[in-house]
Amino acid sequence: MSSAITMASMSTYAILGCGSVGHAVAEELETEGKDVLILDKDEGRVEALRDQDLDARTADIRESTTAEAIDDRDVLLILSSDVEANMDAVQNVRDRGGEQFIVARASDPVSADELTEAGADVVINPSSVIADSALRALETGELEYKATQLAETIADTDERMAILIHRSPDPDSIASAAALQLIADSLDVDADIIYQGEIGHQENRAFVNLLGIELQQRTDVDLDDYDTFAMVDHAKGGEPEVEHDVDVVIDHFEPEHDHEADFIDVRPNVSATSTILTKYIQELDLSLDQNVATALLYGIRAETLDFKRDTTPADLTAAAYLYPFADHDTLEQVESPSMSPETLDVLAEAIRNREVKGSHLISNAGFIRDRDALSQAAQHLLNLEGITTTAVFALADDTIYLAARSKDIRMDIGAVLEDAFDEIGETAGHSTDASAEIPLGIFTGIETNEDNRDTLLELTEQAVKQKLFQAMGVDGSESGSNGS
């Protein structure tokens, strides 16, 4: 079959079989000024079509002479409700060596396959089209209902709204919270974004600083000052330390704790909470602040590894909507933050001490002052060939700090750290980005002092690697490699 004819050059059409579907298509093409020929074996129907000033002729689409009569047409729409007749029409055209672009009507998946094998370029099933249309209408209606419900819940705020994000938040959490804050502002409700832990990873700090996103440390606020509480992208951040009732829950992960919230929107079928908030901003028809648009776009990109992991159509359409509003110069600065000398030293030490088993890499960065450097080291090591999971740990302030990253869709690195260290330390994070803090004395059973630091480091390296490799499903007793 030749591909010389392109859709751009197609200008003449033939509709074979003009029932309700064919009639609707014919009217639309006529409205667009197309040259349309209609063939149908029902003489009464043909006369009625002619009365509407349509070019209609009586013909049996099963007959080979019909295929001969439409040789000069570029596009054939074979739309009879008789699928067997459609099959004959397709075969007659292809048997004559016809190279027209053919759209054929099927009745079920089996007939669709048969029509494709016979030579149809595009096969449509009206039942599927109707079902798809109904689902799109349902989705649109549901989003409209949910947006109204969300707005009403926020508008009920008397004092202030607290937007709680997970511990040591990532770009998706921060961006989603900034979007919800924008929605609250449109309703004349004051809202604060509140987080626990630290803004780790230099890239995340650059993200917050460059976009001017104001975040409040949990220790710096009194939750009694708020009467509405929202949890955004919080599911993988551990149990929330809040004694108040939660009013709003929005996430792309199923929450690990039950909440009797007035408004809940949890969508595991999208890859970023930023995607969900983008849809609400669209539905509420809000003016999109450039910084919020930039944050949301970066949140989606970060959560999907720049659209290379678990990306859904909803993520792509949200990103496409945000793209014209975003500040791409700022995005470039966020994605390429300057690296401090200490971060470079930590990365060098992590590269030197790396141990690789399969696609998993674990490294000891020694003693450090800048704990955030671990996150950057873990992220950079993830770029090594053949590596899908990294964990970098180091000692500081009598504590073992560990940062882990993974791009392996089969592994939840947050669950790995929880399995390995939850009983002896604190873990936080999710499937691709996680961290752990373990008191050194508890982990080794030895009191920390200046004289035994090197011994502790050696003991820590052996124990941490063994626990991690075991939690990852790799035998930690095997002889390792530095990956050289």
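Note that the structure is a prediction, hence the values are computed from the model and not measured.
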What distance do [X] atom [atom1] and [Y] atom [atom2] have between them, rounded to the nearest 0.5 Å?
X: K146; Y: I276; atom1: NZ; atom2: CD1; result: 10.0 Å
X: I300; Y: S274; atom1: CD1; atom2: OG; result: 5.5 Å
X: D227; Y: L223; atom1: CG; atom2: CG; result: 12.0 Å
X: E159; Y: D190; atom1: CD; atom2: CG; result: 10.0 Å
X: L143; Y: D265; atom1: CG; atom2: CG; result: 8.5 Å
X: L211; Y: Q333; atom1: CG; atom2: CD; result: 9.5 Å

**K467 with D422: basic N within carboxylate O range, under 4.0 Å** = no
**Item:** Ion pair D225/R160, N-O distance below 4.0 Å
**Value:** no
Without placing hydrogens or testing angles, list every side-chain donor-acceptor pair under 3.5 Å for residues 122-131, not counting sequence neighbours.
from : atom 1 : to   : atom 2 : distance (Å)
N125 : OD1    : S127 : N      : 3.2

**Request:** Decide if atom OH of Y145 counts as having more than 12 heavy atoms of other residues, nucleotides or ligands within a radius under 6.0 Å.
**Result:** no
Between [X] and [Y], a side-chain donor and acceptor under 3.5 Å:
X: D224; Y: H244; value: yes
X: D315; Y: T312; value: yes
X: T157; Y: T228; value: yes
X: D113; Y: T116; value: no

**Message:** Test your reading of the model: is there a side-chain donor-acceptor pair from D247 to the backbone of F229, 3.5 Å cut-off?
**Reply:**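 Yes.
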**Message:** Does any part of the side chain of D289, heavy atoms only, come nearer than 4.5 Å to the side chain of F325, both counted from C-beta?
**Reply:** no
**Prompt:** So do the side chains of I387 and L381 get within less than 4.5 Å of each other, counting heavy atoms only?
**Reply:**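 Of all side-chain heavy-atom pairs linking L381 with I387, none is under 4.5 Å.
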**Asked** What's the verdict on side-chain hydrogen bond (donor to acceptor under 3.5 Å, both in side chains) for N291 and T294, showing C-alpha distance, side-chain angles and the deciding distance?
**Response** CA-CA 5 Å; N291 285 346; T294 306; 5.2 Å; no
**Asked** Relative to each other, are the rings of H328 and Y323 parallel, tilted or perpendicular (30° and 60° limits)?
**Response** tilted
**Message:** Consider side chain to side chain contact (heavy atoms under 4.5 Å, CB included). Of L384, V474, L361, which one does V356 pass it with?
**Reply:**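 Testing each of L384, V474, L361 against V356, the sole residue satisfying side chain to side chain contact (heavy atoms under 4.5 Å, CB included) is L361.
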